[in-house]
Amino acid sequence: MDIFEKLRSGADVDMASPDYAVAIQHMTDCANICFKINTTAPVPALVRPLEDELFNGRLDPTSYLMPPFQIDYACQMTIGKGVFVNHSLTCMAAGGITIDDGAMIGPNVRIVTDNHDFGNRMVLRCKPVHIGRNAWIGVGAIILPGVTVGENAVVAAGAVVTKDVAPNTIVGGNPAKFIKSISD
């Protein structure tokens with residue numbers, strides 16, 4: 001199991017371990033590419049080749065991430081078709097982030113997959129985040145490790161999501177709570 005598989009699996013990962021050096025290098029490479037993206041004129045024809053470099057050609061041409069944004073582990077992310085991400089996204093993606101087709105993410109959203117052991121803060125504990133098809137994440141929302149946002153769900157602006165969000169529901173608040181179901 002390589003370091004990225006280990007991070008996705010939820011196993012404890014010691015950041016001081018020599019095995020973690022590969023992850024640190026990838027994180028540094030991502031930071032450098034994000035810097036280039038974030039300092040390039042926000043013109044899709046200029047930004048897209050850099051996004052393709054960041055995601056190693058895996059970003060569907062129908063999806064768009066508006067700069068600026070910060071992604072630490074692009075290799076741990078999967079982004080579907082027709083996804084729109086507004087500016088100032090922060091992804092701490094060590095544990096894996098999946099964003100399904102048609103999802104929309106508002107400005108200033110944070111998606112976090114990793115946390116630290118309380119006894120040894122050099123130990124990472126990761127849980128993947130999954131944003132379902134056609135989900136909408138409102139401005140300033142925070143999605144925490146291990147959360148699945150269901151298909152067609154809406155996360156209200158400023159919500160802090162600590163638990164799974166059922167499909168076709170709206171949640172909001174801190175911590176996010178059920179507000180109502182979305183009827184067809």
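Between L89 atom CG and Q70 atom CD the span is 9.5 Å, to the nearest 0.5 Å. Between N38 atom CG and I33 atom CD1 the span is 11.5 Å, to the nearest 0.5 Å. One distance of note links CD1 of I131 with OG1 of T78; it measures 12.5 Å at 0.5 Å rounding. Distance CG/D114 to NZ/K127: 12.0 Å, rounded to 0.5 Å. Summarising the geometry, atom CZ belonging to R110 is positioned 14.0 Å from atom CD1 belonging to I137; distances are rounded to the nearest 0.5 Å. Expressed to the nearest 0.5 Å, how far CD1 of I143 lies from CE of M92 amounts to 14.5 Å.
Nearest heavy atoms, P67 versus L65: CD-O, 3.4 Å. For the pair A103 and G132, the tightest heavy-atom approach, listed with the atom from each and the gap, is CB-O, 4.0 Å.
Using a 4.5 Å cut-off on side-chain heavy atoms (C-beta onward), T90 and F69 make no contact. Taking 4.5 Å as the limit, every side-chain heavy atom of P145 sits out of range of all side-chain heavy atoms of C126.
By the neighbour-count criterion of 12 heavy atoms within 6.0 Å, atom CZ of F178 is densely surrounded, having more than that number from other residues, nucleotides or ligands.
In this structure, N174 has no side-chain hydrogen bond (donor to acceptor under 3.5 Å, both in side chains) partners at least two apart in sequence or on a different chain.
With C91 as the fixed residue, the side chain to side chain contact (heavy atoms under 4.5 Å, CB included) test singles out one of I97, I99, T113, I105: I97.
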Applying side chain to side chain contact (heavy atoms under 4.5 Å, CB included), run through N108 and H87 and close with a yes or a no. CA-CA 7 Å; N108 296 307; H87 65 84; 4.3 Å; yes
Take V129 and T98 through the test side chain to side chain contact (heavy atoms under 4.5 Å, CB included) and record every step on the way to the result. CA-CA 6 Å; V129 168; T98 300; over 6 Å; no
Take I71 and M77 through the side chain to side chain contact (heavy atoms under 4.5 Å, CB included) test and state the conclusion after the steps. CA-CA 9 Å; I71 295 170; M77 291 184 66; 3.5 Å; yes
V83 and D101: side chain to side chain contact (heavy atoms under 4.5 Å, CB included), yes or no, with the steps? CA-CA 6 Å; V83 171; D101 297 348; 5.7 Å; no
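Each of I142 and V109 belongs to its own hydrophobic cluster when Ile, Leu, Val, Met, Phe, Trp and Tyr are linked at side-chain heavy-atom distances under 4.5 angstrom. Grouping the Ile, Leu, Val, Met, Phe, Trp and Tyr side chains by contacts below 4.5 angstrom, directly or via other members, places V154 with I179.
Counting Ile, Leu, Val, Met, Phe, Trp and Tyr side chains that sit under 4.5 Å apart, directly or through other members, I3 shares a hydrophobic cluster with F4, L7, V13, M15, Y20, V22, I24, M27, Y73, M122, L124. Other members of the hydrophobic cluster containing F84, listed by chain and number, are Y64, M66; membership follows side-chain contacts under 4.5 Å among ILVMFWY residues, whether direct or relayed.
A donor-acceptor distance shorter than 3.5 angstrom exists from the side chain of S17 to the backbone of D19, with no hydrogens or angles considered. Under the 3.5 Å distance criterion, the side-chain polar atoms of Q76 are matched with a main-chain donor or acceptor of A94. Counting only distance, with no hydrogens or angles, the side chain of N168 and the backbone of I182 share no donor-acceptor pair below 3.5 Å.
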Tabulate below the donor-acceptor pairs under 3.5 Å that side-chain atoms of residues 41-55 make, not counting sequence neighbours, or state none.
| unit_1 | atom_1 | unit_2 | atom_2 | d |
| --- | --- | --- | --- | --- |
| R48 | NE | D52 | OD1 | 3.2 |
| R48 | NH1 | S63 | O | 2.7 |
| R48 | NH2 | L59 | O | 2.7 |
| R48 | NH2 | D60 | O | 2.8 |

List, one per line, each side-chain donor-acceptor pair under 3.5 Å for residues 155-165, sequence neighbours excluded.
| unit_1 | atom_1 | unit_2 | atom_2 | d |
| --- | --- | --- | --- | --- |
| D164 | OD1 | T148 | N | 2.8 |

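Using a cutoff of 4.0 Å between basic side-chain nitrogens and carboxylate oxygens, D12 and R125 are scored as salt-bridged.
The list of side chain to side chain donor-acceptor pair (under 3.5 Å) pairs with a residue in residues 133-146, not counting sequence neighbours, reads R133-E151.
When only modelled atom types and interatomic distance are considered, D100 and H130 share a side-chain donor-acceptor pair under 3.5 Å.
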